[in-house]
Amino acid sequence: MPQLESLAVQFYSPLPNRDVERQLLDTPVMTHITLPNLRRFLFKGVCAYLEGLLAQISAPVLSHLVIRLFDQLTFTVPRLLQFMGTSETLSFGGVQLAFDNDFAELVAFQLGEERGYPLRVQIMCRHLDWQVSSAAQILDTLQPVLSVVEKLMLRHVKHNQSSEWHNEVDRTLWRQLLRSFSNLKTLHVQNELVGKLARSLQTGDGEPPLELLPNLIEIGYSGGDDPRDALIPFIDERQVAGHPVNLTIVDNSEFLPRPRP
């Protein structure tokens with residue numbers, strides 16, 4: 001298949017057979033195929049099938065990668081990271097994380113070109129706390145490629161089906177998620193998430209003030225309410241540490257459009 005430019009592999013329901021999944025992950029790779037002209041790859045399914053497939057292929061000119069994953073308790077995708085590393089053209093400097101009613105989605109883009117997204121990873125699950133937990137697991141694995149990201153946007157659609165309990169996200173999960181962006185300089189947050197994030201940005205007992213987002217220089221927020229009071233403790237901490245962070249207002253139009261399910 002040397003001329004193949006686009007490849008889509010889709011399962012329309014999750015496959016719950018854990019023995020099959022374990023076999024896929026543990027089976028050694030006997031053959032490896034390079035697809036020299038593959039530019040677009042789409043996958044929909046569970047992690048084990050994705051990992052089993054990606055272990056066997058490389059795509060040096062891949063420029064668009066779309067992954068849609070069914071809900072799972074744990075997400076393990078080391079071979080996704082390796083597969084992305086085989087491409088010489090898959091690059092980005094910004095990321096938006098969108099938390100919708102039925103899914104969470106990572107959309108990567110080139111700074112100044114918020115279109116033609118080179119990477120999209122969608123996790124089909126409900127409830128904000130589950131979405132943040134799932135996203136944090138994926139991002140933790142992808143840390144090496146996310147270290148170049150300078151701009152992060154957090155977009156939120158109110159979860160109509162979630163109880164208040166499911167809308168409360170543990171502070172450690174937010175910090176785990178943000179820790180994947182070690183070189184982040186700009187963080188833009190839709191207003192609904194500001195209060196939830198503000199508590200997570202503040203340091204706790206024994207935590208160094210620059211342990212999280214050490215290169216951050218700007219936080220932008222959008223929405224009707226003014227969240228300055230919630231962010232003041234974090235802003236003050238950074239000021240005392242000698243790394244001031246500017247607080248700005250951004251328009252909702254700056255965020256990428258609502259992702260498609």
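Fair warning: this is a prediction, and the values are worked out from it, not measured in the lab.
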- Item | Worked verdict on H188 versus Q96 for side chain to side chain donor-acceptor pair (under 3.5 Å) | CA-CA 9 Å; H188 288 177; Q96 174 171 281; over 6 Å; no
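- Side-chain atoms of S58 never come within 3.5 Å of backbone atoms of T86 as a donor-acceptor pair (strictly under, hydrogens ignored).
- Applying the side chain to side chain donor-acceptor pair (under 3.5 Å) test between S222 and each of T248, N252, D251 identifies N252 as the sole match.
- Clustering ILVMFWY residues whenever any of their side-chain heavy atoms sit less than 4.5 angstrom apart, transitively, puts L81 in the very cluster that holds F43.
- Residues L231 and L201 have side chains in contact (heavy-atom distance under 4.5 Å, counting atoms from C-beta outward).
- There is no path of hydrophobic side-chain contacts, each under 4.5 Å, that joins L42 to V46.
- In this structure, Q190 contributes its side chain and H156 its backbone to a donor-acceptor pair below 3.5 Å.
- Looking at R68, its side chain never comes within 3.5 Å of a backbone N or O of Q122 through a donor-acceptor pair.
- Remark: side-chain polar atoms of S147 are not paired, donor with acceptor, to backbone N or O of S182 under 3.5 angstrom.
- For the atom pair CD1 (I217) and OG1 (T186), the distance works out to 5.5 Å, reported to the nearest 0.5 Å.
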- List the steps, then state whether side chain to side chain contact (heavy atoms under 4.5 Å, CB included) holds for F75 with V121. CA-CA 12 Å; F75 292 85; V121 180; over 6 Å; no
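- The backbone N or O of K185 lies less than 3.5 Å from no partner atom in the side chain of N215, so there is not a single donor-acceptor pair.
- The closest side-chain heavy-atom distance from E105 to R155 is not below 4.5 Å.
- The CG atom of L69 lies 11.0 Å from the NZ atom of K44; values are rounded to the nearest 0.5 Å.
- In this structure, L53 is a member of the same hydrophobic cluster as L62, with clusters built from ILVMFWY side-chain heavy atoms closer than 4.5 Å.
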- Message: Could you walk me through whether L184 and V149 satisfy the side chain to side chain contact (heavy atoms under 4.5 Å, CB included) test, starting with their C-alpha distance in whole Å, then the side-chain angles of each, then the deciding distance to 0.1 Å, before giving a yes or no?
- Response: CA-CA 6 Å; L184 195 69; V149 172; 4.2 Å; yes
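- Side chain of R171 to main chain of Q202: a donor-acceptor pair is present (N/O by atom type, distance under 3.5 Å, no hydrogens or angles).
- Between the side chain of E51 and the backbone N or O of L80, at least one donor-acceptor pair lies under 3.5 Å.
- Minimum heavy-atom separation, L178 to L213: O-CD2, 3.5 Å.
- Taking the side chain as every heavy atom from C-beta outward, Y221 and L247 approach each other to under 4.5 Å.
- Distance check: L90 CG to M84 CE gives 5.0 Å after rounding to the nearest 0.5 Å.
- When all heavy atoms of F11 and Y49 are compared, the pair lying nearest together is CZ-CD2, 3.6 Å.
- Side-chain contact between H64 and Y117: absent, with no pair of heavy atoms (C-beta onward) separated by less than 4.5 Å.
- We find the CG-CG distance between L256 and L97 to be 10.5 Å, quoted to the nearest 0.5 Å.
- V66 and L142 fall into different hydrophobic clusters, where Ile, Leu, Val, Met, Phe, Trp and Tyr residues are linked whenever their side-chain heavy atoms come under 4.5 Å apart, directly or through other members.
- Side-chain atoms of F181 and L187, non-hydrogen and from C-beta on, never get closer than 4.5 Å to each other.
- Looking at T76 and C47, their side chains never come closer than 4.5 Å, going by heavy atoms from C-beta outward.
- The side-chain heavy atoms of L54 and F41, taken from C-beta on, include a pair separated by under 4.5 Å.
- Of the possible polar contacts, none joining the R238 side chain to the F234 backbone as a donor-acceptor pair under 3.5 Å is found.
- For Q131 (side chain) and D100 (main-chain N/O), a donor-acceptor pair under 3.5 Å exists by modelled atom type.
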- Item | CA sep, side-chain torsions, deciding dist, call: D129, D170, side chain to side chain contact (heavy atoms under 4.5 Å, CB included) | CA-CA 8 Å; D129 55 347; D170 188 86; over 6 Å; no
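- Scanning all heavy atoms of the two residues, the minimum distance from P209 to T203 falls at CA-CG2, 3.6 Å.
- Across every non-hydrogen atom of H32 and A55, the tightest pair is ND1-O, 3.4 Å.
- Side-chain atoms of R39 and V61, non-hydrogen and from C-beta on, do get closer than 4.5 Å to each other.
- F109 and V95 get closest at one heavy-atom pair: CE2-N, 3.6 Å.
- The environment of CD in E88 is sparse: at most 12 heavy-atom neighbours from other residues, nucleotides or ligands sit within 6.0 Å.
- Distance CG/L111 to CD/E150: 6.0 Å, rounded to 0.5 Å.
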- Query: Can you list the steps and then say if L106 with I138 is a side chain to side chain contact (heavy atoms under 4.5 Å, CB included)?
  - Reply: CA-CA 10 Å; L106 177 154; I138 301 253; 5.9 Å; no
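- Following chains of ILVMFWY side-chain contacts shorter than 4.5 Å, one can reach V77 starting from V9, so the two form part of one hydrophobic cluster.
- With rounding to the nearest 0.5 Å, the separation of CG in L152 from CG in N183 is 12.5 Å.
- By the 4.0 Å N-to-carboxylate-O rule, R179 lies close enough to E211 to be salt-bridged with it.
- The nearest pair of heavy atoms linking C125 to S134 is SG-OG, 4.1 Å.
- With hydrogens and angles ignored, the 3.5 Å screen pairs a side-chain donor or acceptor of S87 with a backbone N or O of T89.
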